[in-house]
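One structure is given here, and the rest of the page talks about it.
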Amino acid sequence: MASDFFEQVWAIVKLIPPGRVTTYGAIAKALGSPAASRSVGYAMNACDKSLPAHRVVNRNGRLTGKVHFNPPSSMAERLALEGIIVINDEIQHFKNHFWDPGKEWQSM
DNA sequence: CTGATGACGTGTG
DNA sequence: ACACACGCCATCA
């Protein structure tokens with residue numbers, strides 16, 4: 001049984017539409033704790049494989065957590081399949097693919 | 001309860 | 001622009 005915080009994070013990540021990406025900070029902010037970005041990443045560490053964690057990157061648009069994937073290269077592969085260009089573990093036009101969780105979260 | 005860790009973010013030099 | 005340091009929040013030992 002995971003903590004409510006984890007479930008909150010997972011819920012938002014599951015809501016990320018295909019072809020879109022978001023940041024840990026944005027998720028943390030949507031949960032009401034803009035500085036809990038670290039904890040968001042921790043939740044990802046315990047995330048289920050059904051969770052599209054590959055759509056969650058840091059504020060740089062960089063795939064910092066790709067090493068936690070299986071295999072790590074699958075992260076960029078999945079993003080590429082969704083139309084997101086990833087070069088050198090960096091999302092191109094990141095701002096264009098950015099998806100704001102708060103826009104859909106709306107005090108859920 | 002205290003200390004350490006981390007898939008982050010921001011500030012300073 | 002790059003490198004380093006601190007803070008932030010939640011979890012683990």
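Residue numbering restarts at 1 for every chain, and letters A, B, ... go by the order of the sequence lines. Quick caveat: nothing in here was measured; it's all calculated off a predicted structure.
Heavy-atom distances to DNA chain C give each of A:F6 and A:S37 a nearest nucleotide, and the one nearer the 5′ end belongs to A:S37. Both A:N58 and A:Y42 sit near DNA chain B, but only A:Y42 has its closest nucleotide nearer the 5' end.
Among the heavy atoms of the strands lying under 4.0 Å from A:F69 is at least one base atom, whether or not backbone atoms are also near. In this structure, A:N45 reaches the bases: a heavy-atom distance under 4.0 Å links it to at least one base atom across the strands shown. Across all strands, A:A53 comes closer than 4.0 Å to base atoms (heavy-atom distances).
Here A:E82 pairs with A:R55 in a salt bridge; the nearest charged N to carboxylate O distance falls below 4.0 Å.
Between A:M44 and A:Y24 the shortest heavy-atom distance is CG-CE2, 4.0 Å.
OP1 or OP2 of C:dT11 lies within a sub-4.0 Å distance of a side-chain N or O belonging to A:S3.
Between A:F94 atom CZ and B:dG9 atom C1' the separation is 13 Å, expressed in whole Å. For A:K29 and C:dC8, the NZ to C1' distance is 15 Å, given to the nearest whole Å. Here C:dA10 presents its P atom at 12 Å from CD of A:Q8, a figure rounded to the nearest Å. At whole-Å resolution of the value, CD1 in A:I91 and P in B:dA7 are 17 Å apart. A straight line from CD1 of A:I27 to C1' of C:dC8 spans 16 Å, rounded to a whole angstrom.
Between the CZ atom in A:R59 and the CZ atom in A:F98 there is a gap of 12.0 Å [rounded to 0.5 Å].
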Atom pairs and distances, side-chain donor-acceptor, residues 60-77 of chain A, under 3.5 Å, sequence neighbours left out:
| residue | atom | partner | partner atom | Å |
| --- | --- | --- | --- | --- |
| A:S74 | OG | A:P71 | O | 2.5 |

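For A:R59, the side-chain atoms get nearest to B:dG9 when compared with the rest of B:dG9, B:dA7, C:dC9. Distance from the side chain of A:T23 is smallest for B:dG9 among the nucleotides B:dG9, B:dA7, C:dT11. Proximity note for A:H68 (side chain, C-beta onward) versus C:dA10, B:dG9, B:dA7: the nearest is B:dA7. Nearest to the side chain of A:A35, among C:dC8, B:dA7, C:dA10, sits C:dC8.
Judged by Watson-Crick or G-U wobble contacts below 3.5 Å, the nucleotide C:dA1 has no partner.
Put simply, the side chain of A:T22 gets close to the backbone of A:W99: a donor and an acceptor are under 3.5 Å apart.
The base of B:dA7 lies close enough to the side chain of A:Y24 for a donor and an acceptor atom to sit less than 3.5 Å apart.
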